[in-house]
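Contents: one structure, followed by commentary.
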Number of protein chains: 2
Amino acid sequence: MSVGIRHDDLRRRNRAMVIAAVRRAGQPSRTEIAATTGLSHSTISAISSDLIGEGILAESKPSEAGSLKRGRPQVGLSLNPEAAAVMTVVLSLNFLSVAVIDYAGQVISEEQRRLDTLTMSRDALIGECVAIVRRRLEDPDLDVRSVARIALAIQGITDTRARAMLWSPITPHTDIAFADILEDEFGIPATMENDCNMMAVALRWRDPQRYRDDFIAILLSHGIGMGLVLKGQLFTGTHSSGGEFGHMIHQPRGALCRCGRRGCVEAYAGNYAIWRNARQLGEDTKPVADVSDADMRALAAAARDSDGPEREAYRKAGEALGYGLGSLFALIDPAPVAMVGVSAAAFDLIEPALREAIAQTAGGQHSESISFDTEPNELPLIREGCAMRALTFVDQEIFAPGAQAKSGLVRKNVA
Amino acid sequence: MSVGIRHDDLRRRNRAMVIAAVRRAGQPSRTEIAATTGLSHSTISAISSDLIGEGILAESKPSEAGSLKRGRPQVGLSLNPEAAAVMTVVLSLNFLSVAVIDYAGQVISEEQRRLDTLTMSRDALIGECVAIVRRRLEDPDLDVRSVARIALAIQGITDTRARAMLWSPITPHTDIAFADILEDEFGIPATMENDCNMMAVALRWRDPQRYRDDFIAILLSHGIGMGLVLKGQLFTGTHSSGGEFGHMIHQPRGALCRCGRRGCVEAYAGNYAIWRNARQLGEDTKPVADVSDADMRALAAAARDSDGPEREAYRKAGEALGYGLGSLFALIDPAPVAMVGVSAAAFDLIEPALREAIAQTAGGQHSESISFDTEPNELPLIREGCAMRALTFVDQEIFAPGAQAKSGLVRKNVA
DNA sequence: GCTCTTTTTTTCGAGCCTCGAAAAAACACT
DNA sequence: AGTGTTTTTTCGAGGCTCGAAAAAAAGAGC
């Protein structure tokens with residue numbers, strides 16, 4: 001049962017609101033913040049004065065030299081980069097990438113590493129993650145104590161509480177509580193996020209115009225993933241990260257999927273599926289472990305070149321994605337879509353069949369109004385999403401804490 | 001951008017919280033309310049004193065005679081039935097049903113009527129609805145001015161703003177703004193809801209134990225509908241009522257659906273589809289307009305009797321529902337399901353194939369843990385859901401109004 | 001029947017918070 | 001230098017919730 005609003009919640013929430021407004025707008029004046037939040041000037045003045053005193057916000061110089069307006073010039077408020085830092089850890093197939101990001105969102109330091117995730121032991125995988133985080137934390141240039149939050153992202157399924165990876169295609173091991181492991185190791189709050197959800201978060205920050213309240217990010221990679229934002233909120237399953245678009249059933253008793261089941265969308269549209277169809281290997285053929293990006297680009301080139309099995313493979317991928325989206329749209333109504341990942345670069349080959357399929361579905365009623373955007377490179381998106389997720393946490397939980405947490409961390413940053 | 005919390009919002013929200021607590025608990029004492037809302041005893045005391053003064057709540061006698069506890073006995077707070085009334089209008093195939101319900105949720109008066117919705121003109125359909133509402137409002141036993149809200153429910157698609165029916169299988173006409181029409185006619189705020197969503201709302205009130213945060217209500221009737229509650233919230237599409245489970249694609253290029261497309265779940269599991277398969281009419285056969293409940297029961301009896309085409313028809317229905325649910329569960333994770341409607345009485349025939357299909361899907365991982373409940377009679381559920389929806393509106397918007405609305409209606413009820 | 005104990009509810013002052021109005025600040029324009 | 005404009009701060013008023021204490025309303029014990 002939802003809980004009443006206490007008197008102290010009021011300040012807490014409005015503090016969070018002000019911080020959020022600054023993070024969104026960059027350098028808003030107090031007047032602007034008052035306008036967007038609907039709070040009075042006096043309130044904003046009081047809160048921002050607090051926040052500046054605590055070192056969370058800073059006044060920035062009049063910014064635009066070209067402020068030819070009369071009257072007292074606005075003073076921009078900005079996030080104090082030194083107020084805190086966060087760390088992002090992105091774990092993908094054979095690749096581990098870490099970055100430290102300051103409170104204003106700038107990358108301070110980063111490190112990347114190839115590893116053989118598919119064959120590593122559970123402990124080795126965990127060990128690599130812990131080690132790379134430790135190296136970044138021990139970087140002499142960095143004030144360790146200022147790292148307030150770690151966000152991990154991984155391909156696969158995570159739990160709703162954002163504590164653990166439940167299953168991932170990049171490793172045979174399951175149920176690894178990465179968040180707890182890192183928290184125990186470093187004493188820094190951590191969360192474990194799904195990669196596609198982070199893509200969606202990042203898109204929302206990158207282009208709030210297009211990706212505002214309702215949109216879909218689909219990862220077209222070895223597997224098919226989805227991040228979904230509905231009514232301005234990241235959509236997750238009730239127990240897991242959910243949104244397993246790639247494992248909706250396209251064709252009952254159909255092609256063999258990497259997950260061991262049959263007829264999933266992914267079994268037609270994942271890289272391995274496109275590759276399998278392009279090679280005319282038959283739908284029962286066991287999915288290959290990996291197809292290199294170069295191979296996929298060659299496949300796309302061949303498909304563009306002539307109307308052979310490669311083109312047909314992309315057509316099948318488009319059809320599966322189209323019917324899948326159609327079913328999804330039946331549930332949530334159509335929304336803008338961002339196609340991310342290697343195969344997004346081949347979206348020209350996918351789109352015709354996709355649109356044709358979607359037009360056969362209930363969600364396709366306004367199929368022409370459904371717009372697609374492509375972004376071939378998923379990694380930067382995932383990293384950005386993690387960073388924003390971690391920073392938002394700091395904004396809300398550390399700099400606008402509930403009563404119980406109020407004493408500790410904030411004080412430290414004041415000093 | 002989400003808006004800051006004003007000082008006056010505080011009282012408003014906490015008032016709403018107290019009313020909600022009373023509506024949920026029935027006759028809670030002030031102490032109980034303090035416990036569930038997390039607010040202090042003083043606050044609850046102040047708010048409930050206000051609410052009693054305004055005639056919204058009433059103190060009820062010590063209730064349980066068997067209160068053998070020491071100490072000052074608790075005073076139960078209950079909703080004052082006379083504080084307001086609401087009206088529900090349920091429009092289904094060939095049937096119109098209206099009820100007036102007091103603030104405590106008891107039915108005061110009702111009226112039902114058969115009509116030929118499929119062949120009626122647009123104006124006649126609207127006219128019937130307006131007329132039946134007028135008759136109830138003019139009932140001499142009823143204080144008209146006390147009806148504070150009308151909730152309509154209809155089979156089909158409504159818009160998110162709950163103003164209009166966009167499309168419905170019960171009439172060839174589309175885009176009828178029932179909510180606006182009734183508001184203009186009677187000056188009473190009205191909303192237009194989807195029937196299956198109201199079923200879900202009702203289930204939540206009926207059995208909050210089982211149907212709490214995440215569950216699915218599926219209507220197995222001539223068509224297939226769904227109401228979905230996720231994270232305690234009714235799930236709707238971004239533009240429409242959404243949740244068109246029946247029109248997810250089960251089989252690309254498959255059986256002809258009532259909606260004109262092919263391969264929808266409904267085209268295998270709707271009454272007309274079961275009937276069509278039982279008669280071995282072929283998947284291209286145009287769906288019949290209606291199958292009587294008696295015919296469906298006869299079909300089910302025949303299927304139970306011998307392993308003929310009837311049983312196979314139910315098997316196909318189960319398979320379509322299973323794969324559909326599997327795809328849904330891939331997105332939202334498994335949740336308890338309530339099967340409602342005539343064919344829910346034949347769920348024994350549907351369940352085996354359904355479970356088998358669901359086990360083939362990603363969502364079926366824990367297929368044994370997915371539990372089904374059946375309820376053959378949808379109408380009472382829909383009515384109940386409408387009533388609760390309307391009453392909740394009164395609770396929130398009228399008895400705990402935002403600043404702008406505060407003057408009017410509340411005062412009236414004070415007097 | 002009276003007092004003690006227990007539990008619920010109300011009362012009261014303190015402490016915050018937001019708000020509106022007015023004042024102060026900071027600049028452009030003339 | 002003075003005036004006008006816009007932003008920001010200040011200040012007192014009014015509300016709200018909270019904790020502590022008081023009041024109320026029983027049952028328990030003698």
Side-chain angles (χ1 to χ4, degrees), chain A residues 3-18 22 27-53 57-77 400 402-404 406, chain B residues 3-18 22 27-53 57-77 400 402-404 406:
Chain A
V3 96
I5 302 185
R6 310 291 221 36
H7 202 234
D8 20 336
D9 290 344
L10 233 172
R11 211 6 159 359
R12 206 193 93 246
R13 295 205 200 191
N14 286 341
R15 268 175 77 103
M17 194 86 33
V18 170
V22 176
Q27 287 207 341
S29 69
R30 292 169 175 79
T31 311
E32 272 176 68
I33 298 175
T36 58
T37 59
L39 298 170
S40 72
H41 287 189
S42 6
T43 302
I44 301 302
S45 181
I47 293 177
S48 41
S49 154
D50 282 3
L51 292 173
I52 292 171
L57 298 186
E59 293 193 334
S60 47
K61 287 305 109 208
S63 62
E64 302 307 287
S67 69
L68 297 162
K69 290 189 300 183
R70 286 160 72 106
R72 178 173 176 172
Q74 314 192 144
V75 182
L77 294 177
Q404 76 290 3
K406 193 150 198 169
Chain B
V3 94
I5 301 186
R6 310 290 220 36
H7 202 233
D8 20 334
D9 289 344
L10 234 171
R11 209 10 158 357
R12 207 193 94 247
R13 295 207 199 191
N14 286 340
R15 268 175 76 103
M17 195 86 33
V18 170
V22 175
Q27 288 206 341
S29 69
R30 292 168 176 79
T31 311
E32 272 177 67
I33 298 175
T36 58
T37 59
L39 298 170
S40 72
H41 287 190
S42 6
T43 303
I44 300 302
S45 183
I47 292 177
S48 41
S49 154
D50 281 3
L51 291 173
I52 291 172
L57 298 185
E59 294 192 333
S60 47
K61 288 306 108 210
S63 62
E64 302 306 288
S67 69
L68 297 162
K69 291 189 299 183
R70 282 161 74 108
R72 179 172 175 172
Q74 314 193 142
V75 181
L77 293 179
Q404 77 290 0
K406 192 150 197 169

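Only heavy atoms go into these numbers, but all of them, side chains included; no hydrogens, no water, no symmetry mates. Remember, predicted model here, so these are calculated numbers, not experimental data. To find a chain, count down the sequence lines: A is the first, B the second, and so on, and within it residues start at 1.
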(request) Would you please test B/Leu77 and B/Ile52 for side chain to side chain contact (heavy atoms under 4.5 Å, CB included) and show each step? (result) CA-CA 9 Å; B/Leu77 293 179; B/Ile52 291 172; 3.9 Å; yes

(message) I'd like to know whether A/Ile47 forms a side chain to side chain contact (heavy atoms under 4.5 Å, CB included) with A/Arg11, so could you lay out the CA-CA distance, the side-chain angles of the two residues, the decisive distance to 0.1 Å, and finally the verdict.
(response) CA-CA 8 Å; A/Ile47 293 177; A/Arg11 211 6 159 359; 3.1 Å; yes

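When the nearest nucleotides of DNA chain D are assigned to A/Ile5 and A/Ile44 by heavy-atom distance, the more 5′-ward of the two goes with A/Ile44. Looking at which nucleotide of DNA chain C each of B/Arg6 and A/Gly71 is closest to, the 5′-most match is held by B/Arg6. With DNA chain C read from its 5' end, the first of the two nearest nucleotides for A/Leu10 and A/Arg72 is the one closest to A/Leu10.
For A/Arg30 and C/dA26, the CZ to P distance is 12 Å, given to the nearest whole Å. Residue A/Arg70 contributes atom CZ, which lies 17 Å from atom P of D/dG2 at whole-angstrom precision. The distance from atom CG of B/Leu39 to atom P of D/dG15 is 20 Å, rounded to the nearest whole Å. One atom, CD1 of B/Ile47, and another, C1' of C/dT10, lie 15 Å apart when rounded to the nearest Å. Distance, A/Glu59 CD to C/dA26 P: 11 Å, rounded to whole Å. B/Glu32 has its CD atom 15 Å from the P atom of C/dT7, to the nearest Å. A straight line from CG of B/Asp9 to C1' of D/dG15 spans 13 Å, rounded to a whole angstrom. Atom CZ in B/Arg12 sits roughly 13 Å away from atom P in D/dC16 (whole-Å rounding).
Nearest heavy-atom pair, B/Leu39 versus A/Ile5, reported as atom, atom and distance to 0.1 Å: CD2-O, 3.6 Å. Closest non-hydrogen pair, A/Arg6 versus B/Leu10, comes out as O-CD2, 4.3 Å. Nearest heavy-atom pair across A/Gln27 and A/Ser60 is NE2-OG, 3.1 Å.
The phosphate of C/dT18 (OP1 or OP2) has no side-chain N or O of A/Ser40 nearer than 4.0 angstrom. The shortest distance between the side-chain N/O atoms of A/Thr43 and the OP1/OP2 oxygens of C/dC19 is below 4.0 Å. Residue A/Arg13 places no side-chain N or O under 4.0 Å from the OP1 or OP2 atom of C/dC17. Put simply, A/Ser42 has no side-chain N or O that comes within less than 4.0 Å of OP1 or OP2 on D/dT8. Applying the 4.0 Å criterion to OP1 and OP2 of D/dT17, one finds that B/Arg11 has a side-chain N or O inside that range. Contact between the side-chain N/O atoms of A/Asn14 and the OP1/OP2 oxygens of C/dT18 is found at a separation under 4.0 Å.
Nearest nucleotide to the B/His7 side chain, out of D/dA28, D/dC16, D/dA26: D/dC16. If you check D/dC18, C/dT11, C/dC29 against the side chain of B/Ser45, the one that comes closest is C/dT11. With distances taken from any side-chain atom of B/His41 to the nucleotides D/dA28, C/dT10, D/dT7, the minimum falls on C/dT10. Of all nucleotides listed (D/dC18, D/dA28, D/dT8), D/dT8 comes nearest to the side chain of A/Thr31.
Separating the CD1 atom in B/Ile44 from the CG atom in B/Asn14 is a distance of 7.5 Å, to the nearest 0.5 Å.
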